[in-house]
Each structure stands twice: as structure tokens, then as C-alpha cells.
Amino acid sequence: MFLSVARLEDCTGFKNTGEFEDEGQFLQNVYPVDAEYGGMSRFGFDPRSHRTESSDLLTPQNIAKLQASWHSYWDKSKTIFVEKTPANLLMTRFLQAAFPNSYFIVIRRHPLPVSMAIRKWKGCLTPLYRAFEHWLQCHKLFEQDKKYLNHIYELTYEDYIQNPAKYHEEIAAFIGTRVPEPPKEDTFRVVLQWRNPSGWRVPERAMETTSAVYSKKYFDLWSHFLTRSPFRGYYRYIAKKYEPEFAKYGYSLTKGFDLTEKVRCEIGKGSNAVGAIYCIGADVYAAVWRGSIRCKKWLRLTSKAILPKFIVTAIRQARQKRIWAKPVGIVSN
């Protein structure tokens with residue numbers, strides 16, 4: 001969706017930066033990236049990732065450095081500049097202090113697809129229940145922060161996919177611009193994704209469209225977890241535990257999943273003691289696999305240090321060629 005914001009009239013976003021997802025966090029050296037605080041589904045637990053106008057990092061020198069870093073990538077012929085790092089949810093007050101005329105567009109999505117999609121990423125071994133807690137932690141902090149923001153527009157992903165054009169118009173009006181006319185033809189570019197070696201192919205000018213299909217596959221998987229998984233006791237326990245918290249945001253872990261009345265009753269009657277044991281087991285499992293991955297990473301870095309530099313360079317270039325090998329296409333309306 002946020003790629004579409006950058007395609008509105010007089011707007012510019014980051015592109016072709018060579019960094020993953022073209023996220024602004026990788027294009028500056030004023031504050032640490034979220035990976036240094038545990039990465040996706042973990043960074044929100046670290047108090048240092050929640051930055052406000054009282055941050056020690058907000059010195060005049062750092063503000064000037066951050067502004068210069070990002071403006072060097074934005075199109076200077078435009079007047080509205082877009083940055084879309086997800087961890088900005090915990091940095092709204094910090095960014096408002098650094099960029100006084102900031103406008104924030106916050107999109108909230110059902111915690112199931114958010115948490116389950118992140119856990120598919122290579123190297124992300126956060127147990128599902130902790131991913132749920134992370135979602136709640138981040139949105140709790142944002143709820144506290146938003147009363148300090150001067151300009152904010154909120155929507156849900158679920159509403160957006162029902163009528164993208166409506167929200168494109170509303171967002172354009174919110175930031176003081178217009179939705180451009182659909183292009184008669186368009187080119188594509190590749191956005192780097194660390195979880196996708198081939199990258200993500202996106203149009204340059206056309207507004208984004210999306211579908212409920214992307215979430216449905218996770219909802220179907222969750223239904224399977226609750227009814228047929230060998231570990232359904234664990235999933236039923238966390239459904240029971242987090243249902244009241246997610247309900248505050250209008251989401252449910254038990255409604256709308258075609259569950260029988262018997263399953264609903266079993267979810268409600270699940271033992272808290274047994275559930276706690278399940279969660280401990282999930283933590284142990286994740287810790288073992290995380291240790292295995294770190295061991296492999298250490299071996300890879302050691303090999304890189306031992307191999308001649310020209311071999312390491314050749315391997316890196318081969319990987320980059322594979323990512324950027326996607327052809328540039330043209331689409332006509």
C-alpha cells in the first residue's frame with residue numbers, strides 16, 4: 001500500500017536503493033535498525049526501539065544528518081516525501097520532531113497474517129504466541145503515542161482491500177495531493193526482499209491493488225491449527241489467552257474460522273497450566289533452532305574470512321545478478 005502513496009501526485013519515495021524493501025532505516029546511521037533489537041516480531045520488546053521527542057539521538061547534528069541522508073534518495077522535484085519502514089510505528093514522535101511537518105499514515109492488519117507471515121521468513125523463529133504479544137506491544141505503544149501527533153490517518157488493511165480506490169483518494173486528500181490518472185503504459189522495477197531472493201516486481205506508476213487472498217491462506221492455516229494440528233492444544237490455548245486482547249482492536253482468533261461449537265467449547269475450557277507448558281516448549285524449540293542458525297552463520301563468516309577476496313566477490317556478484325535478472329516489462333491498459 002505505501003508504494004501507492006509514493007505514486008500520488010507530487011510524492012516521492014525510496015526506490016532502487018539497493019537495500020531491502022527500500023526502507024529508510026537502512027539509508028541512515030543516526031539510529032540503530034530494528035534488527036539490532038531482535039528484528040521483526042521482537043524489536044518492540046526492547047525499550048530502546050520506542051523513540052520519542054525526548055530521545056538523546058535528537059541532537060541538531062543528528063536531525064540534519066538524518067534529513068540529508070533521506071533527501072539524497074528522494075526526488076527533489078517533488079514536495080511530499082514518503083518513508084515506509086514498519087518499525088516507524090514506534091518512532092512517530094521521534095520522526096515528528098525530526099521532520100516537524102510530518103503526516104503519518106498507519107495501517108493496522110489482523111494479527112494472524114502479520115504474525116504468521118513473519119514467522120515464515122528465514123531466520124525468524126519467534127514462537128507464534130510471542131509474535132502475538134509483539135503485535136499487542138507495538139500497537140499499545142502506538143496508542144499511547146498517537147495523542148502527541150499533529151497529523152495522523154488510520155485505517156485497517158481489511159477495509160483497504162475492500163475498496164483501495166476510496167482510500168487512495170482519502171489519503172491523497174489527507175496529505176494535500178491527488179490520485180494521478182492511470183498510466184496508459186507502465187514499466188516495472190524489482191524491490192529487494194531478504195526473504196525472497198528474486199525480489200518483488202512492482203509497477204513504477206500504477207496504483208497498487210491487493211486482495212483478501214493474501215490473508216485467507218493464513219486464516220485457513222490457523223483453522224487447521226485449531227482443529228487438526230497435532231499441537232492444537234497449544235494453538236487453542238493461545239487463542240483463548242489472546243482473544244480478549246485482540247478483541248479490543250476489532251479482531252478475533254476464534255470467530256469467522258468455521259469452527260464447530262465443540263471446538264469453541266474446548267478452546268474456552270483449555271487448561272492454563274497445560275497451556276503454559278506448551279508455551280515453554282515453543283520457547284525451547286525456537287531457542288534450539290536459533291542456536292543452530294547462529295552456528296551456521298558463524299561457519300559462513302569464518303569461511304568468508306578464510307577464502308580469498310576475489311572468490312568472495314565473485315560469489316556476491318553472482319547472487320546480485322540472480323536478484324536483478326528480472327526483465328523490465330511494459331504493461332498497457
Side-chain angles (χ1 to χ4, degrees), residues 1-2 40-45 50 84 86-90 92 104-121 124 126-147 149 152-164 166-167 170-171 208 210-229 231-261 263-270 272 275 278-279 282:
M1 174 196 161
F2 289 106
M40 297 303 292
S41 80
R42 296 167 65 90
F43 69 87
F45 294 129
H50 181 215
K84 62 176 186 62
N88 286 348
L89 185 68
L90 303 188
T92 52
F104 296 95
I105 301 166
V106 177
I107 182 166
R108 186 175 68 243
R109 189 178 183 183
H110 196 295
L112 272 174
V114 171
S115 302
M116 296 173 77
I118 291 173
R119 291 177 68 250
K120 289 175 59 180
W121 296 2
C124 182
T126 302
L128 185 57
Y129 86 94
R130 289 201 179 276
F132 284 172
E133 290 182 350
H134 187 262
W135 191 101
L136 289 166
Q137 169 73 359
C138 291
H139 284 278
K140 176 184 177 181
L141 291 173
F142 170 69
E143 288 296 317
Q144 296 171 4
D145 288 346
K146 71 179 184 180
K147 60 187 177 184
L149 304 179
I152 181 169
Y153 177 95
E154 296 181 78
L155 71 159
T156 68
Y157 177 83
E158 292 74 26
D159 286 340
Y160 173 73
I161 61 177
Q162 294 301 316
N163 192 349
K166 169 191 172 183
Y167 290 100
E170 290 188 5
I171 290 171
E208 183 180 7
T210 188
S211 165
V213 172
Y214 297 110
S215 291
K216 185 178 184 302
K217 62 182 179 182
Y218 295 112
F219 293 148
D220 290 344
L221 183 59
W222 176 244
S223 180
H224 168 80
F225 285 164
L226 291 176
T227 56
R228 296 186 293 278
S229 169
F231 304 103
R232 56 185 174 273
Y234 163 64
Y235 295 113
R236 291 177 180 183
Y237 168 72
I238 62 176
K240 171 189 173 184
K241 180 178 180 179
Y242 296 105
E243 176 76 5
E245 294 300 313
F246 288 136
K248 298 175 183 177
Y249 296 91
Y251 295 118
S252 174
L253 298 175
T254 60
K255 298 175 183 176
F257 295 100
D258 196 27
L259 303 178
T260 65
E261 189 60 33
V263 171
R264 294 183 188 278
C265 290
E266 290 174 350
I267 291 174
K269 295 178 180 178
N272 290 338
Y278 278 129
C279 291

- Note on the structure: Scanning both residues in full, the closest heavy-atom pair of R236 with L226 reads NE-O, 2.7 Å

- Message: Could you check whether any side-chain heavy atom of L112 comes within less than 4.5 Å of a side-chain heavy atom of F257, counting everything from C-beta outward?
- Response: yes

- Item | Heavy-atom donor-acceptor pair, E243 side chain to L253 backbone, under 3.5 Å | yes

- If you take all heavy atoms of P86 and M40, which pair is closest and at what distance? CB-CE, 4.3 Å

- Query: Parallel under 30°, tilted from 30 to 60°, perpendicular over 60°: which one fits the rings of F225 and Y235?
  - Reply: parallel

- Item | Short side-chain to backbone donor-acceptor contact, H110 and S252, under 3.5 Å | yes

- Verdict with supporting geometry, Y157 and S215, side-chain hydrogen bond (donor to acceptor under 3.5 Å, both in side chains): CA-CA 10 Å; Y157 177 83; S215 291; 4.8 Å; no

- Item | Rounded distance (nearest 0.5 Å) linking atom NE2 of H50 with atom CD of Q144 | 6.5 Å

- Quick one: closest heavy-atom pair of T126 and S41, and the distance? OG1-OG, 2.9 Å

- Task: Please name the pair of heavy atoms, one in L141 and one in G44, separated by the smallest distance, quoted to 0.1 Å.
- Result: CD1-O, 4.3 Å

- Message: Quick check for you: to the nearest 0.5 Å, what is the distance between F45 atom CZ and E133 atom CD?
- Response: 5.5 Å

- Should R232 and E266 be marked as a salt bridge (Lys or Arg N to Asp or Glu O under 4.0 Å) after you check the CA-CA gap, both sets of side-chain angles, and the distance that decides it? CA-CA 11 Å; R232 56 185 174 273; E266 290 174 350; over 6 Å; no

- Item | Under 3.5 Å: donor-acceptor pair, side chain of S115, backbone of L128 | no

- Task: Please list, chain by chain and in numerical order, all residues satisfying salt bridge (Lys or Arg N to Asp or Glu O under 4.0 Å) with E170, sequence neighbours excluded.
- Result: none

- When rounded to the nearest 0.5 angstrom, what distance separates NE2 in H139 from NE2 in H134? 9.5 Å

- So which heavy atom on Y129 is nearest to which on Y234, and how close? N-OH, 3.3 Å

- Any D145 side-chain heavy atom under 4.5 Å of L90 side chain: no

- Query: Can you list the residues that meet the side chain to side chain contact (heavy atoms under 4.5 Å, CB included) rule with T156, with sequence neighbours excluded?
  - Reply: R108, E158, D159, Y251

- Query: Looking at CZ of F219 and CH2 of W222, how far apart are the two atoms once the value is rounded to the nearest 0.5 Å?
  - Reply: 11.5 Å

- Task: Assess whether ring-ring contact (aromatic ring centres under 6.0 Å, His included) is satisfied between W135 and Y249, documenting all intermediate values.
- Result: CA-CA 11 Å; W135 191 101; Y249 296 91; 5.2 Å; yes

- Item | Pairwise distance OG1(T227) to CD1(I267) - rounded to 0.5 angstrom | 9.5 Å

- Message: Test side-chain contact (heavy atoms from CB on, under 4.5 Å) on I171 and Y160; report intermediate values, then the result.
- Response: CA-CA 11 Å; I171 290 171; Y160 173 73; 5.7 Å; no

- Query: How far apart are the closest heavy atoms of I238 and C279, and which atoms are they?
  - Reply: CG2-SG, 4.3 Å

- Item | Y214 OH: over 12 foreign heavy atoms closer than 6.0 Å | no

- Item | Distance, nearest 0.5 Å, that separates NZ of K240 from OG1 of T254 | 12.5 Å

- Apply the side chain to side chain donor-acceptor pair (under 3.5 Å) test between E143 and each candidate in K147, K140, K146; give the one that qualifies. K146

